[in-house]
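Beneath this line is the structure, given in structure tokens, with notes to follow.
Atoms considered below: every heavy atom in the structure, side chains included; atoms not considered: hydrogens, waters and symmetry mates. Everything numeric in this text was worked out from a predicted model, so none of it was measured.
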Amino acid sequence: MNEIKRALFDCKRVISNGNFLSLKALQSWLAELHTTDSEAAIKDVLDVLIQYNRSVIEPKMRFQLLDTLRPKINELVKLLKLKQVGQPFPLNSKYRDQAKVIRHFLHETAFGFKIICADIVDGKLKVKFNDALLIKSIYQSIYYFSTEILANYTIFAPDPPGLWSEINQLFLLAEANGVHNQPITPPGHSENQKETIAQIFKRIIILNLANPYHLMQGEAEKIFEQLNEWADCSELLEVNKDTPLKTRFYIDLSTDSPPCYAMSNVKPNIRSMRIIDIVKLAIKITSLAQSVAEKSRVNPQAVLLKDRMHRDMLLRLEKAWTGRRERHYNRKPSIARVILATGLS
């Protein structure tokens with residue numbers, strides 16, 4: 001638990017004793033906020049969010065404030081993303097700046113929910129570790145850190161250092177307290193739409209295993225949404241000192257690394273390493289791809305462009321999720337001239 005605490009307490013807050021919007025004032029302000037002037041609204045909402053994250057606020061009240069602000073944040077992020085649709089890569093300076101604002105919004109939102117987790121772990125609120133406040137805060141923090149990673153995939157940008165560590169440590173906190181599989185109703189969902197911390201965690205790690213930088217523009221977001229249903233076809237398995245990892249997908253929750261594929265035997269870290277079993281998911285994807293291919297074979301004229309694009313996406317996922325082929329020959333050092341090119345243009 002000490003390691004988790006240290007990771008969570010890396011919330012270097014500049015404590016502000018200034019006045020921040022109360023819950024009632026926030027609700028009134030949001031009701032009067034117009035997004036016609038989107039740039040002004042984006043700046044104002046982001047400023048309020050940053051002020052909350054730099055202020056000392058009781059955890060329950062912080063959750064209420066963030067949950068009240070969250071729909072407007074989602075609306076503005078969606079608005080910014082729509083402006084990027086169809087833009088050529090690499091993005092010009094205007095759209096790169098918009099992408100930075102998107103990531104800033106998502107990171108600050110995740111950071112705010114993470115502060116609640118840190119305060120609870122620090123004992124500032126006397127609640128049990130299976131309390132709904134902690135579970136929902138972990139869920140929301142992982143969700144927004146995950147959508148920040150997704151935002152990077154969408155524009156083919158690398159992840160900044162520390163992002164995977166945030167997600168991994170939050171999941172480790174949930175797992176250590178046995179709440180990672182506890183169903184909750186996330187904010188904005190109906191009562192019959194239950195999700196778990198494990199589910200949202202598996203969505204982002206499985207998306208990473210899909211080689212997101214090899215996907216077509218917009219496919220990463222489609223897959224992330226689809227994984228809301230597909231994630232149940234996967235499992236996270238604990239390891240022991242004798243667990244063979246070669247040719248398996250795994251993630252080490254003690255690192256700042258995304259999931260990996262073990263080309264050779266890796267010494268297992270028993271406490272923090274988990275095998276990602278996606279065999280059932282790979283079978284499901286193969287079946288879906290075959291179904292679309294059969295439809296195309298029987299009646300090619302009935303297959304629309306969107307159907308062919310969907311089929312091709314499934315084939316890319318099938319290739320990524322059915323493992324990696326071993327090398328036919330061992331690598332050998334050699335001296336050769338190499339020309340290195342960077343960028344997408």
Kindly indicate, with the supporting measurements, whether the criterion side-chain contact (heavy atoms from CB on, under 4.5 Å) is fulfilled by Arg70 and Asn74.
-> CA-CA 6 Å; Arg70 176 186 51 77; Asn74 292 345; 3.8 Å; yes
N/O donor-acceptor pair under 3.5 Å between Asn177 side chain and Val179 backbone | no
Check: Glu108 main-chain N/O paired with Asn53 side-chain donor or acceptor under 3.5 Å | yes
If you count the non-hydrogen atoms of other residues, nucleotides and ligands that lie under 6.0 Å from NZ in Lys83, is the total more than 12?
-> yes
For the rings on His107 and Tyr144, is their centre-to-centre separation under 6.0 Å?
-> no
Is the shortest heavy-atom distance from the side chain of Arg248 to the side chain of Val239 under 4.5 Å?
-> no
Within-4.5 Å side-chain heavy-atom neighbours: Glu238 and Arg274 = yes
With distance as the sole criterion, is a donor-acceptor pair present between the side chains of Asn240 and Thr243 under 3.5 Å?
-> yes
Given side chains that start at C-beta, do those of Glu148 and Thr109 come closer than 4.5 Å, heavy atoms only?
-> no
Which residue pairs pass the salt bridge (Lys or Arg N to Asp or Glu O under 4.0 Å) test when at least one of the two sits in residues 38-50, sequence neighbours left out?
-> Lys43-Asp47
Verify, without hydrogens or angle tests, whether Ser141 (side chain) and Ser137 (backbone) share a donor-acceptor contact under 3.5 angstrom.
-> no
Test item: Trp321 side-chain N/O and Ile206 main-chain N/O as donor-acceptor pair under 3.5 Å = yes
Check the pair His180, Ile138 against side-chain contact (heavy atoms from CB on, under 4.5 Å), reporting the backbone distance first and the verdict last.
-> CA-CA 9 Å; His180 57 300; Ile138 294 174; over 6 Å; no
4.5 Å side-chain heavy-atom contact, Phe105 and Ile42 | yes
Close side-chain approach of Phe111 and Ile115, heavy atoms under 4.5 Å | yes
Are Lys222 and Glu219 close enough for a salt bridge, meaning some N to O gap below 4.0 Å?
-> no
Could you tell me whether a side-chain N or O of Arg62 sits under 3.5 Å from a main-chain N or O of Ser55, the two making a donor and an acceptor?
-> yes
With distance as the sole criterion, is a donor-acceptor pair present between the side chains of Tyr213 and Asn152 under 3.5 Å?
-> no
Taking all non-hydrogen atoms of both residues, which atom of Val279 and which atom of Asp277 are closest, and how far apart?
-> N-OD1, 3.1 Å
Does a side-chain heavy-atom distance below 4.5 Å link Ile204 with Phe145?
-> no
Compare all side-chain heavy atoms of Asn228 with those of Glu195 and state whether any distance is below 4.5 angstrom.
-> yes
What's the spacing between Lys78 NZ and Lys81 NZ if we round to 0.5 Å?
-> 10.5 Å
Just by modelled atom types, is the Tyr95 backbone N or O under 3.5 Å from a matching donor or acceptor in the Gln84 side chain?
-> yes
Do you reckon Leu23 sits in the same ILVMFWY cluster as Leu66, going by side-chain contacts under 4.5 Å, direct or chained?
-> yes
Would you check if the side chain of Ser291 reaches a backbone N or O of Ser287 as a donor-acceptor pair within less than 3.5 Å?
-> no
Is it the case that more than 12 heavy atoms not belonging to Lys284 sit under 6.0 Å from its NZ atom?
-> no
Any side-chain heavy-atom pair from Phe249 and Ile205 closer than 4.5 angstrom?
-> no
Please name the pair of heavy atoms, one in Ile102 and one in Ala151, separated by the smallest distance, quoted to 0.1 Å.
-> CG2-CB, 4.2 Å
Could you state whether Leu76 and Leu80 fall into the same hydrophobic cluster, counting links through intermediate Ile, Leu, Val, Met, Phe, Trp or Tyr residues with side-chain heavy atoms under 4.5 angstrom apart?
-> yes
Report the distance from atom CD1 of Ile200 to atom CG of Leu170, rounding to the nearest 0.5 Å.
-> 12.5 Å
Do Ile135 and Leu133 sit in the same hydrophobic cluster, where Ile, Leu, Val, Met, Phe, Trp and Tyr count as joined when their side-chain heavy atoms come under 4.5 Å apart?
-> yes
Could you go through the side-chain contact (heavy atoms from CB on, under 4.5 Å) check for Ser254 and Asn168 one step at a time?
-> CA-CA 7 Å; Ser254 66; Asn168 290 342; over 6 Å; no
With hydrophobic residues grouped by side-chain heavy-atom distances under 4.5 Å, do Leu207 and Met216 end up in a single group?
-> no
From Ile283 CD1 over to Leu288 CG, what is the distance, rounded to the nearest 0.5 angstrom?
-> 12.0 Å
Aromatic ring proximity Phe113/Phe63, centre distance under 6.0 Å = yes
Does the pair His104 and Ile50 meet the rule for a side-chain contact (heavy atoms from CB on, under 4.5 Å), with working shown?
-> CA-CA 10 Å; His104 196 180; Ile50 291 172; 3.8 Å; yes
Can any side-chain N or O of Glu235 pair as donor or acceptor with the backbone N or O of Leu237 at less than 3.5 Å?
-> no
Looking only at heavy atoms, the pair that brings Leu163 and Asp256 closest together is N-OD1, 3.6 Å
Which heavy atom in Ala220 sits nearest to a heavy atom in Tyr153, and how many Å separate them?
-> CB-CB, 4.2 Å
Shortest non-hydrogen pair, Leu65 vs Ser22, comes out as CD2-C, 4.0 Å
Return yes if some donor-acceptor pair links the side-chain N/O of Asn181 with the main-chain N/O of Thr196 below 3.5 Å, else return no.
-> no
Indicate the atoms forming the closest heavy-atom contact of Leu106 with Thr147, along with that distance.
-> CD1-O, 3.4 Å
Would you verify whether the NZ or CZ of Arg203 falls within 45 degrees of the ring axis of Phe224 while also being under 6.0 Å from that six-membered ring's centre?
-> yes
Could you grab the distance from atom CZ of Phe89 to atom CD1 of Ile155, nearest 0.5 Å is fine?
-> 7.0 Å
Can you tell me how far NZ of Lys60 sits from CG of Asp119, rounded to the nearest 0.5 angstrom?
-> 13.5 Å
Can you measure from CD1 (Ile276) to CG (Leu281) and round to the nearest 0.5 angstrom?
-> 11.5 Å
Check whether the side chains of Lys280 and Ser234 place a donor and an acceptor atom closer than 3.5 Å, and report yes or no.
-> no
Give a yes or no answer on whether the side chain of Tyr52 reaches the backbone of Leu21 with a donor-acceptor pair at less than 3.5 Å.
-> yes
